[in-house]
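A short worksheet on the structure shown next.
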Amino acid sequence: MSAAEVVITAAGAIHPLGDSPQALHEAACAGRSGLAAITDFPTAGLPRDTAFPLQDYSPREHLGRGNLRALDRTSRLAATACQKALDAGGWEAGEGRKEVGLVLGTMFGSIRTISEFDRRCLEAGPQYVKPLDFANSVINAAAGQAAIWHGLPGINATLTGGPTAGLQAIGYGTDLIRRERAALALAGGAEELSFEALFGFARSGHLSDDPAGPRPFDEGRSGFVLGEGAALVMLEDAERAAERGAPTLATVLGQGNAFDPTRGRDEDSAVAAVARSIELALQEAELPAAAIDAVSAGASGLRLGDEREGLGLARALNGGARKVPVAAVKSQLGETLGASGALQTLLALEILRTGRVPGVHRLEKVPKSLETSGLDLSPDAQTTTVDRVLVTAAGLDGNHFALILGKVSS
């Protein structure tokens with residue numbers, strides 16, 4: 001039996017720059033940024049007081065009536081993205097969702113809740129902790145709570161591959177449908193902004209010291225700036241989607257996963273892992289490297305990480321033999337960790353639809369190592385013919401993931 005063709009039929013998100021592929025893409029192409037002051041928690045002791053936060057986020061506005069007490073912030077973000085995707089696909093509550101599942105990627109899960117539960121237990125005593133907090137202190141809480149809220153009885157899974165998690169979730173959901181182990185799956189990622197994550201990344205030297213924000217692929221990059229949000233796509237079998245007359249946004253052509261055990265310390269190992277993930281995706285899609293028309297890169301502004309990703313892209317895409325336009329949008333969206341690959345995927349859907357590739361906002365000087373890479377790195381958006389988009393994600397632990405999306409044949 002041949003594997004089923006998997007298509008994306010709907011998408012939804014919650015992010016400072018928008019809640020749909022169209023809104024995110026428009027903002028990215030226009031050069032808008034979600035960088036803003038952090039107002040949700042104190043920033044004393046942190047090296048910066050700006051990030052890419054959801055300001056004035058009202059879950060009730062998106063989720064309607066119901067008891068929200070059981071849902072903490074990460075669960076609410078995931079549930080909101082679910083609502084947006086379900087609405088976009090016309091999936092009514094009840095019988096219409098009887099086969100829909102949820103595959104969610106995240107790095108830290110409900111880290112605020114986890115930290116608060118532990119802090120209260122230590123400071124005030126075990127008798128004063130909130131029972132509801134304990135239910136949300138496990139890494140798969142957001143996926144479970146969002147599925148409960150929306151009545152999704154299908155597969156429920158959580159992937160925790162760091163910044164690659166959202167893209168891995170889409171890959172895993174695709175595999176489930178191809179192998180007929182699931183009929184329909186919402187897949188993507190969710191991540192909340194927290195003091196704990198900001199403090200940890202500051203201590204590890206990952207945060208940018210640039211007040212104006214991160215500068216992916218730029219010679220002067222100094223680190224990333226954290227953001228928050230959630231994004232999900234609806235995956236389903238192409239034949240089934242056609243039978244119900246669903247509009248299809250893209251076909252999932254191939255995916256690849258590779259790991260660098262040196263975590264970037266060895267350049268050749270790191271570059272080889274990036275290239276290998278892309279080569280595996282091309283192999284699964286049965287495509288040559290020349291078939292890739294545009295790239296949505298995971299570059300976040302890290303000194304080593306961006307260079308390794310760029311060199312890996314160049315190696316996999318024929319090393320400078322042709323110009324491939326690249327979008328690297330984390331200077332505008334922030335490093336949303338487990339949600340980042342899913343947000344990039346939503347942008348890739350619009351790149352396929354419009355042929356417009358967002359540039360690399362705030363890029364001023366391309367590093368010498370990437371000048372002859374064949375990557376078309378520009379601060380400005382450009383329009384070209386796009387039939388296939390490569391989406392890449394790079395983890396902080398050496399994990400690399402690549403996903404190829406294609407236009408649906410008419």
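- Between the side chain of T74 and the backbone N or O of A142 there is no donor-acceptor pair closer than 3.5 Å.
- Looking only at atom types and distance, the side chain of Q382 has a donor-acceptor partner in the side chain of D376 under 3.5 Å away.
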Inset, instruction - Start with the C-alpha gap between F217 and V366, add the side-chain angles, then the distance that decides, and say whether side-chain contact (heavy atoms from CB on, under 4.5 Å) holds. - result: CA-CA 7 Å; F217 285 129; V366 177; over 6 Å; no
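- Ring geometry for F117 versus F134: interplanar angle of 30 to 60°, hence tilted.
- Checking side-chain atoms of T345 against main-chain N and O of G341 turns up a donor-acceptor pair under 3.5 Å.
- The main-chain N or O of L193 is found under 3.5 Å from a side-chain atom of R112 such that the two form a donor-acceptor pair.
- Atom CG of D56 has 12 or fewer neighbouring heavy atoms from other residues, nucleotides or ligands inside a 6.0 Å radius.
- By the 4.5 Å heavy-atom criterion applied to side chains, L363 and R215 are not counted as neighbours.
- In this structure, CD in E335 is found 8.5 Å from CE in M107, a value given to the nearest 0.5 Å.
- You'll find the side chain of L24 stays beyond 4.5 Å of the side chain of E350, heavy atoms only.
- Listed for the S269 side chain is no donor-acceptor partner under 3.5 Å among the backbone atoms of D266.
- L77 contributes atom CG, which lies 6.0 Å from atom CG of L54 (distance to the nearest 0.5 angstrom).
- Salt bridge status for E116 with R119: present, with a side-chain N to carboxylate O gap under 4.0 Å.
- In terms of modelled atom types and a separation under 3.5 Å, the side chain of R388 and the main chain of A291 share a donor-acceptor contact.
- Side-chain contact check for T9 versus L249: every heavy-atom pair is 4.5 Å or farther apart.
- Each of D380, D218, D210 was scored for a salt bridge (charged side-chain N to carboxylate O under 4.0 Å, His left out) with R362, with one residue passing: D210.
- Judged by distance alone, the side chain of R315 and the main-chain N or O of A275 form no donor-acceptor pair under 3.5 Å.
- Taking the charged nitrogens against the carboxylate oxygens, D293 and K407 have no contact shorter than 4.0 Å, which rules out a salt bridge.
- Judged by distance alone, the side chain of D49 and the main-chain N or O of A37 form no donor-acceptor pair under 3.5 Å.
- Counted by atom type alone, D72 and S75 present one or more donor-acceptor pairs between their side chains at under 3.5 Å.
- Side-chain atoms of Q332 and S33 form no donor-acceptor pair, as typed in the model, at a separation below 3.5 Å.
- Of all heavy-atom pairs spanning V103 and L232, the tightest one is O-CD2, 4.4 Å.
- Although no hydrogens or angles enter the test, the distance criterion places a donor-acceptor pair under 3.5 Å between the side chain of K330 and the main chain of G298.
- Within the 4.5 Å cutoff, the side chain of S208 has heavy atoms near those of the R48 side chain.
- For the pairing with E219, the side-chain contact (heavy atoms from CB on, under 4.5 Å) check across K368, E364, E307, R303 returns one residue only, R303.
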Inset, instruction - Given side-chain hydrogen bond (donor to acceptor under 3.5 Å, both in side chains), test D175 with Q255 step by step and report yes or no. - result: CA-CA 10 Å; D175 280 344; Q255 58 179 297; 3.2 Å; yes
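- Two residues are said to be in side-chain contact when any heavy atoms from C-beta on lie closer than 4.5 Å; T251 and V6 fail this criterion.
- Within 6.0 Å of CZ on R69 lie no more than 12 heavy atoms contributed by other residues, nucleotides or ligands.
- Within the 4.5 Å cutoff, no side-chain heavy atoms of E5 are placed close to those of D237.
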Legend entry - Worked verdict on V100 versus L102 for side-chain contact (heavy atoms from CB on, under 4.5 Å): CA-CA 7 Å; V100 178; L102 176 60; over 6 Å; no
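- The two atoms that bring G144 and N156 nearest to each other are N-OD1, 3.7 Å, heavy atoms only.
- With hydrogens and angles ignored, the 3.5 Å screen pairs a side-chain donor or acceptor of S194 with a backbone N or O of A197.
- Closest non-hydrogen pair, L167 versus V391, comes out as CD2-O, 3.6 Å.
- Residues satisfying the side-chain contact (heavy atoms from CB on, under 4.5 Å) test with R356, not counting sequence neighbours, are H25, C29, T354, A381, T383.
- Around the CZ atom of F108, the shell of radius 6.0 Å holds more than 12 heavy atoms that belong to other residues, nucleotides or ligands.
- Note on ring orientation: taking the six-membered ring where Trp is involved, the planes of H62 and Y57 are parallel (angle under 30°, cut-offs 30° and 60°).
- Side-chain polar atoms of S137 and T113 form no donor-acceptor pair below 3.5 angstrom.
- When side chains are defined from C-beta on, V252 does not count as touching V7, because their heavy atoms never get closer than 4.5 Å.
- The structure places NZ of K84 at 14.5 Å from CG of L186, a figure rounded to the nearest 0.5 Å.
- Although no hydrogens or angles enter the test, the distance criterion places a donor-acceptor pair under 3.5 Å between the side chain of H15 and the main chain of L17.
- Side-chain atoms of L333 and F52, non-hydrogen and from C-beta on, never get closer than 4.5 Å to each other.
- Here CG of L280 is found 13.0 Å from NE2 of H400. Values are rounded to the nearest 0.5 Å.
- We find the CD-CD distance between E228 and E191 to be 9.5 Å, quoted to the nearest 0.5 Å.
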Inset, instruction - Determine, step by step, whether S110 and N136 satisfy the side-chain hydrogen bond (donor to acceptor under 3.5 Å, both in side chains) criterion, reporting the C-alpha distance in whole Å, the side-chain angles of both residues, the deciding distance to 0.1 Å, and the verdict. - result: CA-CA 7 Å; S110 302; N136 288 317; 5.3 Å; no
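- When the shell of 6.0 Å around CZ of R265 is examined, it contains more than 12 heavy atoms from other residues, nucleotides or ligands.
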Inset, instruction - Apply side-chain contact (heavy atoms from CB on, under 4.5 Å) to the pair N257 and N399, showing each step before the final yes or no. - result: CA-CA 8 Å; N257 207 160; N399 219 345; 3.0 Å; yes
Inset, instruction - Start with the C-alpha distance between R244 and E236, add both sets of side-chain angles, then the distance that settles side-chain contact (heavy atoms from CB on, under 4.5 Å), and finish with yes or no. - result: CA-CA 11 Å; R244 68 181 190 86; E236 59 181 298; 2.6 Å; yes
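- There is a side-chain donor-acceptor pair under 3.5 Å between D209 and S222.
- In terms of heavy atoms, I351 sits closest to A294 at CG2-CB, 4.3 Å.
- Within 6.0 Å of CZ on R60 lie more than 12 heavy atoms contributed by other residues, nucleotides or ligands.
- Closest heavy-atom contact between A143 and L104: N-CD2, 3.7 Å.
- We find the CD1-OG1 distance between I139 and T158 to be 7.5 Å, quoted to the nearest 0.5 Å.
- The shortest heavy-atom contact between P216 and S300 is CG-C, 4.2 Å.
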